[in-house]
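Below is one structure, written out as structure tokens; the observations come after it.
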Amino acid sequence: MSKDHHYKTAIQWTGNKGTGTSNYRNYERSHTISIENKAVIEASSDPAFRGDKTKHNPEDLLLSSLSSCHMLWYLHFCSEAGIIVIDYTDSATGIMEETANGSGHFREVTLNPTVIITEESMIEKAKELHHKANEFCFIANSVNFPVKHIPIVLVKSI
């Protein structure tokens, strides 16, 4: 049985410097992302596309969404498997290819999670669950490029 979930966001362009889009160089790419009951995100385009390097850009947010979704599924599966995770970090990377006509697409994303668990006997199972998390991740299932994983699992007693 499938179940639909609906999401809503509001995007507001804040980059009009007085003359709108009268010229490619006359406007900022700044905008806000607002979701009800959540902090507003100040965003822009990537600096390579005349954006503000101090603000999040869509490519950053896509990469972050993939990493976050994977982590949440992974923690869920570890909990079910009796693996106690006490720390999780990820340094995700992505490669976006810009084409000759100025469009582009992501070619791949690599998640590099470092997970700390409490039992050495669970290391292999903890590594395996990254594959299951990828299979279930809503965002990874929605993209048309590979999402790779290079996990590190460490042990620390609590």
Side-chain angles (χ1 to χ4, degrees), residues 1-12 14 29-99 103-158:
M1 177 171 130
S2 68
K3 182 177 179 182
D4 290 344
H5 297 269
H6 299 267
Y7 299 91
K8 185 177 177 182
T9 187
I11 307 298
Q12 175 68 49
T14 59
R29 279 58 178 170
S30 298
H31 56 282
T32 58
I33 300 169
S34 303
I35 300 167
E36 189 174 342
N37 299 317
K38 298 178 183 174
V40 172
I41 298 172
E42 297 285 333
S44 187
S45 63
D46 185 275
F49 308 108
R50 302 193 49 79
D52 182 341
K53 68 179 181 181
T54 67
K55 296 178 181 173
H56 299 288
N57 62 59
E59 296 82 10
D60 293 335
L61 297 172
L62 175 64
L63 188 59
S64 298
S65 293
L66 282 163
S67 179
S68 296
C69 184
H70 180 87
M71 177 194 70
L72 294 169
W73 275 109
Y74 180 78
L75 295 173
H76 169 78
F77 291 132
C78 283
S79 176
E80 284 186 340
I83 298 171
I84 300 171
V85 176
I86 58 173
D87 194 44
Y88 183 111
T89 58
D90 185 13
S91 298
T93 60
I95 300 171
M96 187 185 81
E97 180 178 337
E98 187 177 354
T99 59
S103 70
H105 59 273
F106 271 82
R107 196 167 54 224
E108 71 178 47
V109 163
T110 303
L111 306 181
N112 298 287
T114 298
V115 180
I116 300 177
I117 63 174
T118 60
E119 293 181 46
E120 190 168 338
S121 64
M122 300 298 259
I123 289 176
E124 287 309 310
K125 181 68 175 174
K127 287 180 181 178
E128 289 172 20
L129 288 177
H130 283 287
H131 298 289
K132 187 173 182 180
N134 187 61
E135 291 173 19
F136 278 75
C137 173
F138 306 133
I139 310 301
N141 285 322
S142 300
V143 299
N144 64 354
F145 53 83
V147 179
K148 301 174 181 179
H149 313 92
I150 304 173
I152 296 172
V153 178
L154 305 170
V155 177
K156 181 178 180 183
S157 300
I158 52 174

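Side-chain atoms are counted along with the backbone in the values below, which use heavy atoms only and exclude waters and symmetry mates.
One distance of note links CG of Leu72 with CZ of Phe136; it measures 14.5 Å at 0.5 Å rounding. Taken to the nearest 0.5 Å, the CD1 atom of Ile95 stands 10.5 Å off from the NE2 atom of His105. Separation of atoms CG (Asn57) and CZ (Arg29) is listed at 13.0 Å; rounding is to 0.5 Å.
Between Ala43 and Ile33, the closest heavy-atom pair is CB-CD1, 3.9 Å. Heavy-atom minimum distance, Glu59 versus Asp46: OE1-CB, 4.1 Å. Considering every non-hydrogen atom in both Ala81 and Met122, the closest pair reads O-CE, 3.5 Å.
Judged purely by atom type and a 3.5 angstrom limit, Thr114 has no side-chain atom pairing as donor or acceptor with the backbone of Thr89. A side-chain donor-acceptor contact under 3.5 Å links Ser65 to the backbone of Leu61. The backbone N or O of Gly51 sits nowhere less than 3.5 Å from a side-chain atom of Ser44 that would complete a donor-acceptor pair. Side-chain atoms of Tyr74 come within 3.5 Å of backbone N or O of Ala126 as a donor-acceptor pair.
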Mind listing the side-chain donor-acceptor pairs of residues 138-154 below 3.5 Å, one per line with the distance, residues two or more places apart or on another chain?
residue : atom : partner : partner atom : Å
Asn141  : ND2  : Glu135  : O            : 3.0
Asn141  : ND2  : Cys137  : O            : 3.0
Ser142  : OG   : Phe138  : O            : 2.7
Lys148  : NZ   : Glu108  : OE1          : 3.0
His149  : NE2  : Asn134  : OD1          : 3.4

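The closest side-chain heavy-atom distance from Val115 to His130 is below 4.5 Å. Put simply, the side chain of Ser34 reaches to within 4.5 Å of the side chain of Val40, judged on heavy atoms. In this structure, Asp90 and Asn112 have side chains that are in contact, with non-hydrogen atoms separated by less than 4.5 Å. In this structure the side chain of Leu66 never reaches within 4.5 angstrom of the side chain of His70, judged on heavy atoms. Side-chain contact between Lys55 and Ser30: present, with at least one pair of heavy atoms (C-beta onward) separated by less than 4.5 Å.
By the 30° and 60° cut-offs, the orientation of the rings of His76 relative to Trp73 is perpendicular.
Counting only N and O atoms by type, the side chains of Ser64 and Ser68 include no donor and acceptor under 3.5 Å apart.
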For Thr32 and Glu42: C-alpha separation, side-chain torsions, deciding distance, then whether side chain to side chain contact (heavy atoms under 4.5 Å, CB included) applies. CA-CA 5 Å; Thr32 58; Glu42 297 285 333; 3.8 Å; yes
